[in-house]
Amino acid sequence: MSEEWYVVGLCVVSALVLVVGAWFVRHELTTRTQPPPAALLWIAYLGVAAVVVFGAARTSWVVLG
């Protein structure tokens, strides 16, 4: 597998993680009878999203560099 396809695959998987995470937060807020505070869930999601985006960007930079 070439470096370019590795980076493309990494970005696709990262995007899927972000989409599933956003879906999970929305699902938890709409289906639970006593959901946790919305701000807490979205802040946690943003933390995970930041790690995913940083990891994908850093790995892509190293692989393509």
Applying side-chain contact (heavy atoms from CB on, under 4.5 Å) to Val63 and not counting sequence neighbours gives Glu3, Tyr6, Val7, Thr59
Salt bridge (Lys or Arg N to Asp or Glu O under 4.0 Å) pairs touching residues 28-38, sequence neighbours excluded, are Glu28-Arg32
Restricting to pairs with a member in residues 39-53, which pass salt bridge (Lys or Arg N to Asp or Glu O under 4.0 Å), not counting sequence neighbours?
-> none
Does a side-chain heavy-atom distance below 4.5 Å link Val53 with Ser14?
-> no
In the hydrophobic clustering (ILVMFWY, side-chain contacts below 4.5 Å, transitive), which residues join Trp23, or is it alone?
-> Phe24
Taking only distance into account, with no hydrogens and no angle test, what donor-acceptor pairs under 3.5 Å do side-chain atoms of residues 33-48 form with protein atoms, sequence neighbours excluded?
residue, atom, partner, partner atom, Å
Tyr45, OH, Leu18, O, 2.8

Under 4.5 Å side-chain linkage, directly or through intermediates, the cluster mates of Trp61 | Val62
Taking only residues two or more places apart in sequence or in another chain, which ones pass side-chain contact (heavy atoms from CB on, under 4.5 Å) with Ser2?
-> Glu4, Trp5
